[in-house]
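Keep in mind that this is a model prediction, so the values were computed, not measured.
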Amino acid sequence: MDCIFCQIAAGKIPSVKVYEDEEVLAFLDIRPISDGHTLVVPKRHFGTLDECDPDILANLVCRLQTIAKAVQQAAGSEGYNILCNNGRAAGQIVDHVHFHIIPRNPGDGVLKKWDHYEYPEGKAEKLAEKIRQKL
Ligand code: 5GP
Ligand code: ZN
(Lines give C-alpha, C1' and ligand atoms only; values in the text may rest on other atoms or scores of the structure.)
(Ligands and ions follow the chains in the order given, each with its own letter.)
Protein backbone atom coordinates (compact mmCIF):
# COMPACT_ATOMS: atom_id res chain seq x y z
CA MET A 1 0.00 0.00 0.00
CA ASP A 2 2.09 2.91 -1.22
CA CYS A 3 -0.76 5.41 -1.60
CA ILE A 4 -0.19 8.23 0.89
CA PHE A 5 -3.90 8.97 1.39
CA CYS A 6 -4.68 5.25 1.93
CA GLN A 7 -1.98 5.27 4.58
CA ILE A 8 -3.47 8.39 6.18
CA ALA A 9 -6.96 6.79 6.05
CA ALA A 10 -5.57 3.67 7.72
CA GLY A 11 -3.93 5.79 10.44
CA LYS A 12 -0.45 4.63 9.39
CA ILE A 13 0.65 8.19 8.63
CA PRO A 14 -0.39 11.01 10.95
CA SER A 15 -2.71 13.77 9.76
CA VAL A 16 -4.65 16.60 11.34
CA LYS A 17 -8.17 15.21 10.99
CA VAL A 18 -11.28 17.37 10.98
CA TYR A 19 -13.94 14.77 10.07
CA GLU A 20 -14.19 11.01 9.84
CA ASP A 21 -16.91 8.43 9.28
CA GLU A 22 -16.96 4.90 7.83
CA GLU A 23 -16.37 6.04 4.25
CA VAL A 24 -15.01 9.58 4.37
CA LEU A 25 -12.02 11.34 5.91
CA ALA A 26 -11.19 15.05 5.96
CA PHE A 27 -7.84 16.41 7.10
CA LEU A 28 -5.79 19.57 6.77
CA ASP A 29 -3.51 19.85 3.75
CA ILE A 30 0.11 19.59 4.86
CA ARG A 31 1.10 22.46 2.51
CA PRO A 32 -1.91 24.81 2.54
CA ILE A 33 -2.54 27.59 0.06
CA SER A 34 -4.83 29.31 2.59
CA ASP A 35 -5.50 28.80 6.30
CA GLY A 36 -7.89 25.89 6.80
CA HIS A 37 -7.13 24.29 3.39
CA THR A 38 -8.72 20.88 3.83
CA LEU A 39 -8.71 17.64 1.84
CA VAL A 40 -11.77 15.38 1.73
CA VAL A 41 -11.17 11.80 0.56
CA PRO A 42 -13.00 8.48 0.35
CA LYS A 43 -11.31 5.96 2.66
CA ARG A 44 -11.36 3.39 -0.15
CA HIS A 45 -8.81 3.90 -2.87
CA PHE A 46 -9.97 5.35 -6.19
CA GLY A 47 -7.43 7.11 -8.40
CA THR A 48 -9.62 9.76 -9.99
CA LEU A 49 -13.14 11.14 -9.84
CA ASP A 50 -14.30 9.06 -12.80
CA GLU A 51 -12.98 5.89 -11.16
CA CYS A 52 -14.81 6.55 -7.89
CA ASP A 53 -17.80 4.40 -6.94
CA PRO A 54 -20.88 6.64 -7.54
CA ASP A 55 -22.55 5.78 -4.21
CA ILE A 56 -19.39 6.55 -2.28
CA LEU A 57 -18.98 9.76 -4.26
CA ALA A 58 -22.57 10.80 -3.54
CA ASN A 59 -22.06 10.27 0.19
CA LEU A 60 -18.74 12.09 0.07
CA VAL A 61 -20.25 15.12 -1.68
CA CYS A 62 -22.97 15.33 0.99
CA ARG A 63 -20.26 15.37 3.66
CA LEU A 64 -18.23 17.83 1.58
CA GLN A 65 -21.06 20.36 1.80
CA THR A 66 -21.11 20.20 5.61
CA ILE A 67 -17.34 20.14 6.02
CA ALA A 68 -16.87 23.07 3.64
CA LYS A 69 -19.30 25.18 5.62
CA ALA A 70 -17.48 24.35 8.87
CA VAL A 71 -14.08 25.07 7.30
CA GLN A 72 -15.31 28.42 6.01
CA GLN A 73 -16.74 29.40 9.38
CA ALA A 74 -13.66 28.26 11.29
CA ALA A 75 -11.30 30.02 8.88
CA GLY A 76 -13.48 33.13 9.02
CA SER A 77 -13.37 33.36 5.24
CA GLU A 78 -15.90 35.00 2.96
CA GLY A 79 -15.96 32.10 0.52
CA TYR A 80 -14.19 28.93 -0.55
CA ASN A 81 -13.20 27.00 -3.64
CA ILE A 82 -13.82 23.29 -4.12
CA LEU A 83 -11.12 21.82 -6.32
CA CYS A 84 -10.65 18.28 -7.62
CA ASN A 85 -7.55 17.81 -9.77
CA ASN A 86 -7.75 14.82 -12.11
CA GLY A 87 -4.64 13.70 -13.97
CA ARG A 88 -1.14 15.17 -14.08
CA ALA A 89 -2.19 17.73 -16.69
CA ALA A 90 -4.69 19.10 -14.16
CA GLY A 91 -2.15 19.19 -11.35
CA GLN A 92 -3.06 15.94 -9.60
CA ILE A 93 -0.06 14.79 -7.59
CA VAL A 94 -1.66 12.28 -5.23
CA ASP A 95 -3.43 9.54 -7.19
CA HIS A 96 -6.23 9.01 -4.67
CA VAL A 97 -9.28 11.08 -5.50
CA HIS A 98 -9.65 14.09 -3.20
CA PHE A 99 -11.46 17.39 -2.97
CA HIS A 100 -9.67 20.51 -1.81
CA ILE A 101 -11.65 22.99 0.29
CA ILE A 102 -9.80 26.29 -0.01
CA PRO A 103 -11.02 29.18 2.16
CA ARG A 104 -11.01 32.46 0.23
CA ASN A 105 -11.15 36.17 0.97
CA PRO A 106 -11.38 39.14 -1.39
CA GLY A 107 -7.99 40.10 -2.83
CA ASP A 108 -6.17 37.15 -1.23
CA GLY A 109 -4.38 36.36 -4.51
CA VAL A 110 -4.99 32.61 -4.13
CA LEU A 111 -5.65 30.73 -7.41
CA LYS A 112 -5.52 34.03 -9.28
CA LYS A 113 -4.53 32.75 -12.74
CA TRP A 114 -7.79 32.13 -14.59
CA ASP A 115 -7.25 33.23 -18.19
CA HIS A 116 -10.59 33.43 -19.96
CA TYR A 117 -11.02 33.53 -23.72
CA GLU A 118 -13.90 33.29 -26.15
CA TYR A 119 -14.79 30.40 -28.46
CA PRO A 120 -14.64 31.13 -32.17
CA GLU A 121 -18.00 30.91 -33.98
CA GLY A 122 -19.51 27.39 -33.86
CA LYS A 123 -16.86 25.78 -31.63
CA ALA A 124 -18.93 25.74 -28.42
CA GLU A 125 -21.80 23.95 -30.19
CA LYS A 126 -19.41 21.35 -31.70
CA LEU A 127 -17.78 20.69 -28.33
CA ALA A 128 -21.16 20.43 -26.60
CA GLU A 129 -22.35 17.91 -29.20
CA LYS A 130 -19.19 15.82 -28.68
CA ILE A 131 -19.74 15.86 -24.92
CA ARG A 132 -23.41 14.87 -25.28
CA GLN A 133 -22.36 11.91 -27.45
CA LYS A 134 -20.05 10.69 -24.68
CA LEU A 135 -22.77 10.82 -22.01
P1 5GP B 1 -3.21 17.39 -5.78
O2 5GP B 1 -2.25 18.29 -6.49
O3 5GP B 1 -2.92 15.92 -6.00
O4 5GP B 1 -4.65 17.74 -6.05
O5 5GP B 1 -3.02 17.74 -4.24
C6 5GP B 1 -2.47 16.89 -3.30
C7 5GP B 1 -2.43 17.66 -2.01
O8 5GP B 1 -2.08 16.76 -0.98
C9 5GP B 1 -1.39 18.80 -1.99
O10 5GP B 1 -2.03 20.03 -1.72
C11 5GP B 1 -0.44 18.38 -0.88
O12 5GP B 1 0.02 19.47 -0.09
C13 5GP B 1 -1.26 17.41 -0.05
N14 5GP B 1 -0.47 16.37 0.57
C15 5GP B 1 0.47 15.59 0.00
N16 5GP B 1 0.98 14.73 0.88
C17 5GP B 1 0.34 14.96 2.06
C18 5GP B 1 0.43 14.37 3.35
O19 5GP B 1 1.23 13.47 3.61
N20 5GP B 1 -0.40 14.86 4.30
C21 5GP B 1 -1.28 15.86 4.06
N22 5GP B 1 -2.04 16.28 5.07
N23 5GP B 1 -1.41 16.44 2.85
C24 5GP B 1 -0.60 15.99 1.86
ZN1 ZN C 1 -5.23 5.50 -1.92
Side-chain angles (χ1 to χ4, degrees):
M1 187 171 68
D2 57 2
C3 169
I4 192 104
F5 288 174
C6 280
Q7 288 178 274
I8 287 174
K12 290 182 179 164
I13 288 182
S15 65
V16 183
K17 294 178 187 175
V18 298
Y19 176 83
E20 184 169 18
D21 63 28
E22 276 185 17
E23 287 184 356
V24 176
L25 176 67
F27 52 96
L28 297 186
D29 195 296
I30 204 165
R31 293 181 67 232
I33 60 171
S34 70
D35 281 357
H37 182 170
T38 297
L39 302 173
V40 183
V41 307
K43 286 186 171 176
R44 260 181 68 191
H45 182 88
F46 302 99
T48 56
L49 186 69
D50 48 291
E51 291 168 1
C52 190
D53 177 280
D55 291 333
I56 289 178
L57 182 61
N59 182 42
L60 185 146
V61 171
C62 285
R63 301 285 85 76
L64 182 65
Q65 182 186 40
T66 311
I67 299 162
K69 190 175 173 188
V71 167
Q72 181 187 8
Q73 289 174 346
S77 67
E78 272 193 38
Y80 58 87
N81 292 105
I82 299 291
L83 190 63
C84 179
N85 299 326
N86 286 273
R88 292 284 175 274
Q92 183 177 15
I93 293 165
V94 178
D95 293 329
H96 178 129
V97 65
H98 54 279
F99 291 84
H100 297 255
I101 303 169
I102 303 163
R104 298 296 308 277
N105 282 300
D108 61 14
V110 175
L111 296 173
K112 62 186 168 196
K113 194 168 182 297
W114 196 261
D115 292 334
H116 295 274
Y117 60 88
E118 288 177 13
Y119 287 122
E121 184 74 28
K123 187 167 180 182
E125 290 72 19
K126 275 188 192 151
L127 281 170
E129 181 52 28
K130 266 190 176 175
I131 294 165
R132 285 192 293 268
Q133 285 173 6
K134 296 287 179 192
L135 285 168

side-chain contact (heavy atoms from CB on, under 4.5 Å) involving [X] - partner list, sequence neighbours excluded:
{"X": "Asp35", "result": "none"}
{"X": "Ile13", "result": "Ile4, Gln7, Ile8"}
{"X": "Glu51", "result": "Thr48"}

Taking side chain to side chain donor-acceptor pair (under 3.5 Å) as the definition, give me every residue that meets it alongside Arg31, ordered by chain and number, with sequence neighbours left out. none
Which Ile, Leu, Val, Met, Phe, Trp or Tyr residues join Ile131 in one cluster when any pair of side-chain heavy atoms under 4.5 Å counts as a link? Leu135
Between [X] and [Y], is any pair of side-chain heavy atoms under 4.5 Å apart?
{"X": "Asp95", "Y": "Phe5", "value": "no"}
{"X": "Asp29", "Y": "His100", "value": "yes"}
{"X": "Gln72", "Y": "Pro103", "value": "no"}

Enumerate, atom names and distances included, each donor-acceptor pair closer than 3.5 Å involving a side-chain atom of residues 54-69, sequence neighbours excluded.
residue : atom : partner : partner atom : Å
Asn59   : OD1  : Arg63   : NH1          : 2.8
Asn59   : ND2  : Glu23   : OE1          : 2.8

Supply the atom-to-atom distance Leu83 CG to Gln92 CD, rounded to the nearest 0.5 angstrom. 10.5 Å
Salt bridge between Arg132 and Glu129, side-chain N to carboxylate O under 4.0 Å? yes
Is the gap between the ring centers of His96 and Phe46 under 6.0 Å? no
